[in-house]
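Order of the sequence lines fixes the chain letters, A, B, ..., with proteins taken first and strands second; residue numbering starts at 1 for each chain.
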Amino acid sequence: MSGERLRSATEALRHQREWFAGLRDHVDAGGAYALVNADTPHELLRAFDLPYVVNQWWSSVVSSRGDAQGALANLVARGLPRESEQYNSIGLGASLDPATAEVDGWGALPTPDLVLADLTGDTVRKVFDVWHELLGVPFFAFESPAAGHTVDRWWERIADDWEDVVGRRRIDLMTAELEELADELARLTGAPLDPRRLDDILILANEQAAWNRRTRDLIAEARPLPVRLTDTIPAVMLPQWHRGSEWGRDAARGLYEEVAERVADGFSVVPEERARLMWVGRGLWFDLGFYRHFEAEFGAVFVWSMYLAIAADAYARNGGPALRALSSRFIGFGERLYAPPWSVDWYVAQARQHGVDGVVHLVSDDPRGSWATTRALRDAGIPVYELHADNADAATYDVDAVRAEVATWLRDDVLGRRG
Amino acid sequence: MSDAPVVGVLGRGVPLELVEATGARPVRLRGDVALDTGGADELLGRGIDPAANAVLAALLHDGFAGLRGIVVANDSEASLRVYFVLRELARVEPGAGVPPLHLLDVAHLDRAASRAYTRAEFADTAAVLAEWTGAAFDGDRLGAVIARREDARTSLAALRAEVAGSTFLTARLAVDESGVLERPEPVAAGGPRLILSGSGHDAPDVTAAIESAGARLVGDDHPDGELGLALRSATPDLDGLADRYAADGPTSHRASPRERAEHLARLVAERKADGVLVYVRRLDDAPLWDVAAQRAAVDVPVVVVSGQEYGRIDADALDAALAELRTGARR
């Protein structure tokens, strides 16, 4: 077995540190920046050369440095809830107290000039409302329109038929919101939107998506697994936060080339691979060792997480007016991951494409639920272990107990079913 | 009305006027505190407002009996998740008997695009309801129903200050279903004058318990009480109705903490309240984000009773909360 890390992951992390340091310098010199929710149209900010930090990325940084509990305690000190929207509120919490704002190895998140979020669910907006109401940061909100129509095999159609797949009415709504946001960004940056720049950014984002798709397909086909999840996640996600940039596109291409090189060289994570596992849900940021833990004893490797797969399938948009295409990328994004049948049909298709032997499904105390996903995968003949935990809060997570339970499931339900 | 097909409604944004105008009888889907929610828990999980599980449990128990269809408004994560589960249940278990479903999305941001979107959603809903009932859409009939129902709503809103909490809630729930106000009797009651904030209520059990413990609920800002009750459609037509539902008051699920706090401050002053009781169901987290701003906006105690189960309020927690409110302490 090899512990060698992907050059792409190392480079992505290096770039992220350099970029963040550059952002802090930019702010120190009087420059503006925005804090944005993950599923919002960053590309429009890029078209205005307005730097942005993705809220969930910063939350993952704070968590990975063991500072999440302090951040959550800050919320409580302000009369805000500790147990709600933890994944999204850790960054806010860390920023509420200068004493806890410094994150080891990264520094502090500067106060943004704008926060951007979609009004998904009941409480995401509250986090950004607090940025505005307690810290005085302007908040631009997008509606989170929900629709009753569904489309079979959306991943095969969405790149080209996005008006139909996503729905014209919802696209009309968000396009109008983007026009309003563009006016606000023009005021903030002092320059109007350059439509050609936006077009170029969308082309680069499409190229990035195409490289991600090639990488996903390559990993799905390769035996044994050539690259660990814990490498592909940062190698994909950090460039995703730079979507529409040449660096982002080149990083996605670099990842593909490196994985292809590994496949050509016969590189394997576990040469004697015995079980291919799929991880459904957000990443277990405070226990990344989980994903490697079952390699030695069981030859079990995690071949799939949503991060590369959704980057491969959900982002490309071809044709049409730029703001409409951009809108369609984000409308219903959560449905494709968390609302049946969009989500469950995709998970089953992905499991089949990757030759998955079992699924570990993270089930948190949140509204996403688990029934439909677990059922669809089991109906497809794939064993599922439901891991009940919150991916951002280690306080109630028993590492040893969880690993022991998964090991039992692997032994009995995955490897054992083969006889 | 009694022979009219029954349309189940879930969520604050379902236009009851439109349901009635297309010849159906709207019946609010609600839970039953006596029912076991195990089956619903399996489908929805336990990571959501238990009111959602209670509603789904009641539906599964009754087998969707007598429902021509169900309209769900995207007024909260709970309502939306129930819709997703029902939709998937219909897909994977056709024998479950799930009736036709329709999701109505009401956008609440104060923008022209949001209003246009909501108007289009209402037009779609009118067409769906007409298909279910077989009655063509009739604008004049809708106008008459809007006028009658809004007269009843505004009359009820005008009584709020003199009608105690659970009596008012009962009347509120009834006027939604029947469209007619049966004037509730004023209730003479002592005890601290409280505003009830936090989670919604689809039955008066919790409000009755609070009042039995010695408080008088003189106002509320939860989604099922007086919030938005006095609003009227600018025009008695589909667009006017859509605009009214879009601007139907700052619920916790769709408004900012500051909006909630400002509304509460006006209510506290108007009703000369002695305090605010924030009742929050387990996992209905939105109201918890409002509390800090609410406390900062009013000069009366704001006490929170959280982590509650559907249709219930823990007696010890309630007693402690009322004791704090009486002493003027803040928790």
Would you confirm whether K126(A), through its side chain, and A255(B), through its main-chain N or O, come within 3.5 Å as a donor-acceptor pair? yes

Between P81(A), S144(A), G148(A), which residue shows the highest count of heavy-atom pairs closer than 4.5 Å to chain B? P81(A)

Yes or no on salt bridge (charged side-chain N to carboxylate O under 4.0 Å, His left out) for D345(A) and R91(B), after CA distance, side-chain angles and deciding distance? CA-CA 12 Å; D345(A) 287 353; R91(B) 187 177 82 116; 3.2 Å; yes

Let me know if S343(A) has heavy atoms under 4.5 Å from chain B in its side chain, its backbone, both or neither. neither

To the nearest 0.5 Å, tell me how far L119(A) CG sits from R254(B) CZ. 8.0 Å

Between chain B and each of A339(A), G79(A), G121(A), P341(A), count heavy-atom pairs under 4.5 Å; write down the option with the most. P341(A)

Residues in side-chain hydrogen bond (donor to acceptor under 3.5 Å, both in side chains) with D105(B), at least two apart? N74(B), Y117(B)

For chain A, which of A120(B), A116(B), S306(B), A113(B) has the most heavy-atom pairs under 4.5 Å? A120(B)

H102(B): what forms a side-chain hydrogen bond (donor to acceptor under 3.5 Å, both in side chains) with it, not counting sequence neighbours? T125(B)

Ring-face cation contact, F140(A) with R111(B), 6.0 Å cut, 45° max: yes

As an exercise, state the distance from CZ of F84(B) to CH2 of W342(A), rounded to the nearest 0.5 Å. 10.0 Å

Taking V72(B), L104(B), L89(B) one by one, which has the highest count of heavy-atom pairs under 4.5 Å against chain A? L89(B)

Please classify the contact between R258(B) and chain A as side chain, backbone, both or neither, with a heavy-atom cut-off of under 4.5 Å. both

E133(A) and P257(B) have their tightest heavy-atom pair at OE1-CB, 3.3 Å

Mind checking which of residues 174-184 of chain A sit less than 4.5 Å from chain B, heavy atom to heavy atom? A176(A), E177(A), E180(A)

So, taking the atom named CZ in R125(A) and the one named NE2 in H253(B), what distance separates them when rounded to the nearest 0.5 Å? 12.0 Å

The interface call for Y338(A) against chain B, heavy-atom contacts under 4.5 Å, is both

Starting at CG of D122(A), measure out to CG of L288(B) and round the result to the nearest 0.5 Å. 11.5 Å

Where does L283(B) contact chain A at under 4.5 Å (heavy atoms): side chain, backbone, both or neither? side chain

Side chain, backbone, both or neither of R170(A) within contact of chain B (heavy atoms, under 4.5 Å): both

Region of A141(A) that comes under 4.5 Å of a non-hydrogen atom in chain B: both

Looking only at non-hydrogen atoms, find the nearest pair between R87(B) and A147(A) and report the distance. NH1-O, 3.7 Å

Considering residues, nucleotides and ligands other than E386(A), do more than 12 of their heavy atoms fall under 6.0 Å from its CD? yes

Between E93(B) and R375(A), does a side chain to side chain contact (heavy atoms under 4.5 Å, CB included) hold up when you go through it step by step? CA-CA 12 Å; E93(B) 290 186 24; R375(A) 177 188 172 131; 2.6 Å; yes

Portion of V106(B) that has a non-hydrogen atom of chain A nearer than 4.5 angstrom: neither

Nearest heavy-atom pair of E143(A) and A107(B): which atoms, and what distance? OE2-CB, 3.2 Å

Does any heavy atom of chain A fall under 4.5 Å from the side chain of S252(B), the backbone, both, or neither of them? both

As an exercise, state the distance from CD of E121(B) to CG of L173(A), rounded to the nearest 0.5 Å. 9.5 Å

Do you know which of V127(A), V130(A), V344(A) has the most heavy-atom pairs under 4.5 Å to chain B? V127(A)

Considering residues, nucleotides and ligands other than E131(B), do more than 12 of their heavy atoms fall under 6.0 Å from its CD? no

Is there a side chain to side chain contact (heavy atoms under 4.5 Å, CB included) between L80(A) and W289(B)? Walk through the geometry before answering. CA-CA 6 Å; L80(A) 300 168; W289(B) 285 90; 4.0 Å; yes

Using non-hydrogen atoms only, which part of L101(B) is less than 4.5 Å away from chain A: side chain, backbone, both, or neither? neither

Name the region of D49(B), side chain, backbone, both or neither, that has any atom closer than 4.5 Å to a heavy atom of chain A. neither

L80(B), part contacting chain A, at a heavy-atom distance under 4.5 Å: side chain

Would you sort out whether D124(B) and R169(A) count as a side chain to side chain contact (heavy atoms under 4.5 Å, CB included), showing the intermediate values? CA-CA 11 Å; D124(B) 266 4; R169(A) 179 178 304 156; 2.9 Å; yes

Can you list everything that forms a side-chain hydrogen bond (donor to acceptor under 3.5 Å, both in side chains) with D285(B)? Sequence neighbours excluded, please. S84(A)

Where does D41(B) contact chain A at under 4.5 Å (heavy atoms): side chain, backbone, both or neither? neither

